[in-house]
Undergrad: 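Quick one: structure below, then a few questions.
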Amino acid sequence: MLVLPLIVVFVFSFGARGPAGGYAPGFSLENFMNLGARWAAFKNTMVLAPVGTLACAVIAYPLAYFLALRVSAKRRTLLLILVIVPFWTSILIRSYAWIFILGGKGIPALIAWMGFGSIQLINTPFAVLVGIVYGYLPLMVFPIYVSLEQLDKRLLEASADLGCPPGRTFLSVTLPLSMPGVATGSMLVFILLMGEFLIPAMLGGGKVFFVGNALVDLFLQSRNWAFGSAVAVALVLIMLVTVTAYMRATRRWAGGRADVSLM
Amino acid sequence: MKSNPTEADLPIAELRKASKHFGGVVAADDLDLTIRRGEFLSFLGPSGCGKTTALRMLAGFETPSHGDVLLDGKRVNDLPPHRRPVNMVFQHYALFPHLTVADNIAYGLRQLRPKLPAADIAKAVDHTLETVRLPGFGKRRIWEMSGGQQQRVALARAIINQPKLLLLDEPMAALDKKLRRDMQIELQSLQRSLGITFVLVTHDQEEALSMSDRICIMRSGRIVQVGSPRDLYDRPKNRYVADFVGKSNFFSGTVDSVSSTTCRISTATGQMFSGISTQSLTAGQAATASLRPEQISLTRQSGHGVKVRIVALIFLGEHTEYLVRHDTLGDFLVLVPRQSEASEGRFDLGADAYATWADGAALILADD
Ligand SMILES: Nc1ncnc2c1ncn2[C@@H]1O[C@H](COP(=O)(O)OP(=O)(O)OP(=O)(O)O)[C@@H](O)[C@H]1O
Ligand SMILES: [Mg+2]
């Protein structure tokens, strides 16, 4: 059941566009040859998904660290809930908020008022990146939080006992032992970002297209299912390759440790 | 050997009226203790009596709420753990799971500044692995090691730094009995050969008795008595210590008379015990007579001692331990050596016998 839609998409990708849109059977590689027409969407996705994942990880780590190791147990629950609360409202509504903040009357207006000239924020890759980080941050915070929470605190004492100052202990004990959390979070966010279309549509204003937007367009507007399928197949292949490479790398990094699962 | 006699005579570490409060809990209460250079000292006491807290104050993980911690004569209350010349073997070892055995052991040396050459570190690690009898295990991962081997790695990781003080928090609690016995012997000989001062926490009295130069007996956050194993066995300060160190029979009563050399008490039913006391007692005060099982003997000849019945016996090879029952004194233990069994014969379960002890053999103890 899980792979059936995939098979359908795979078969469609070799077909042609029907006369009134949709799908007409056939077998040609033409769709794949034409992928270049959607190069911008692929490029944006391939750049912004990894960069967004990285930005999420960089921002989420200190947050998770603070929650797991620096806050009393009582306040921790409250703060964790605060991290989840944004999830209770739809990403659509939250994106509108960002449209306002980054739009002409938001931050750019403030900057202009302070006399730093005019800048364009909304409808740029930067706006999309902000939206991505904002939307996916909780997804990154939680796995990192869990791995830091489960970290055996006696190891930190052992490190101090052996003459290691706190900063160096963070680098040589805390960070390596919480890497599984970072890896899990990154994987989750990366995979979801590769399929993202809402945030680029809203904050990219039709200028920053993702593959996801291309798919929406091809399936729902142009109704060229065959070409859409080819785009989807290409995306799945790219994901397969990157995710496999990523898992290999993290596994090698962990040195085959039995007690660490990196998904 | 003593290049600097004043330093060598100085105690290596001291607790001075050191207390630690956790909220309302007093984990350590006014601890006064001098740790001598090169000795093997044990903290002995039941669970929750503050042994770990005392150790953690020495290591620097806890700052005393009151009082002082001294290392080498210097007050170190505010010196963080990474700056103290002290190393600890943690109760569950706390080995770094992401590092190999060799990297775990090298961890302390790698923290030194200026950095040591890698070749020197590798040599020291190999040497230490040999000391703890794990040669060639350096490349292994921690989870590939058995419990006993992990314990040795933890030990190696600490001693490679040649600390002034090595703290061991129940290092053998997780080992089985046979392995524990081996490790005890090894630890003791290691302490002698390294010349490092060892402070061991344990709640196993046999372990403390067999390994330590001195034992510090603790009870609910306080130090009850400090002394050599023999001191504590022969001259326990009170009933608590006598009960904790070795086996003993206790008979409570009131003090009849006190002289300069002996003290005499009688139980409610009129049985008399006499012997020396380790605290000053006054007539009429409640006190307890303590008799070690080996101080009591059994005979079949009536007219000697008190009449008892054998209710249980355990054959221990060299000795047989009898649990005997007396009408008014209750049950107590008697340890009969093999050669006296040869003259008296064996006593069977349910048989009658007479229990005797030398006049003045008992220890008369205050209850606290
Ligand atoms: N961090 C802490 N916070 C609150 N209470 C604590 C803390 N550490 C210890 N205690 C309390 O202090 C008392 C002494 O604890 P400690 O760990 O020193 O006992 P222990 O003698 O080592 O016991 P065990 O043999 O079980 O290890 C206990 O009542 C314990 O509950
Ligand atoms: Mg303890």
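Hydrogens, waters and symmetry mates are skipped; everything else that's a heavy atom, side chains included, is used.
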Undergrad: Please say whether more than 12 non-hydrogen atoms of neighbouring residues, nucleotides or ligands are located less than 6.0 Å from CE in A:M46.
TA: no

Undergrad: Does atom OH (A:Y65) have a neighbourhood of more than 12 heavy atoms from anything else shown, all under 6.0 Å?
TA: yes

Undergrad: Heavy-atom count check: over 12 atoms from other residues, nucleotides or ligands less than 6.0 Å from B:R75 CZ?
TA: yes

Undergrad: Taking every non-hydrogen pair under 4.5 Å, which of B:G108, B:P85, B:P163 racks up the most with chain A?
TA: B:G108

Undergrad: Would you give me the side-chain donor-acceptor pairs under 3.5 Å for residues 52-63 of chain B, sequence neighbours excluded?
TA:
{"from": "B:T52", "atom 1": "OG1", "to": "B:D169", "atom 2": "OD2", "distance (Å)": "3.2"}
{"from": "B:R56", "atom 1": "NE", "to": "B:E62", "atom 2": "OE2", "distance (Å)": "3.0"}
{"from": "B:R56", "atom 1": "NH1", "to": "A:E157", "atom 2": "OE1", "distance (Å)": "2.8"}
{"from": "B:R56", "atom 1": "NH1", "to": "A:E157", "atom 2": "OE2", "distance (Å)": "3.3"}
{"from": "B:R56", "atom 1": "NH2", "to": "A:E157", "atom 2": "OE2", "distance (Å)": "2.7"}
{"from": "B:R56", "atom 1": "NH2", "to": "B:E62", "atom 2": "OE2", "distance (Å)": "3.3"}

Undergrad: Shorter than 4.5 Å, heavy atoms on both sides: which option in B:L112, B:N161, B:L95 has the most such pairs with chain A?
TA: B:L95

Undergrad: Does atom CD (B:Q162) have a neighbourhood of more than 12 heavy atoms from anything else shown, all under 6.0 Å?
TA: no

Undergrad: When you look at A:S172 and B:F96, which way does the side-chain contact (heavy atoms from CB on, under 4.5 Å) test go after all the steps?
TA: CA-CA 10 Å; A:S172 45; B:F96 303 116; over 6 Å; no

Undergrad: Identify the two heavy atoms, one from B:R110 and one from A:R168, that lie closest to each other, and give their separation to 0.1 Å.
TA: O-NH1, 4.5 Å

Undergrad: Taking all heavy atoms of B:P97 and all of A:L177, pick out the closest pair and write down the distance.
TA: CG-CD2, 3.8 Å

Undergrad: For chain A, which candidate among B:M88, B:Q111, B:H92 shows the most heavy-atom pairs at distances under 4.5 Å?
TA: B:Q111

Undergrad: Is chain B contacted by the side chain of A:D161, its backbone, both, or neither, given a heavy-atom distance below 4.5 Å?
TA: both

Undergrad: For the residue pair B:R157 and A:A158, what are the closest heavy atoms and their distance?
TA: NH2-CB, 3.6 Å

Undergrad: Would you say CZ of B:R113 has more than 12 non-hydrogen atoms from neighbouring residues, nucleotides or ligands within 6.0 angstrom?
TA: yes

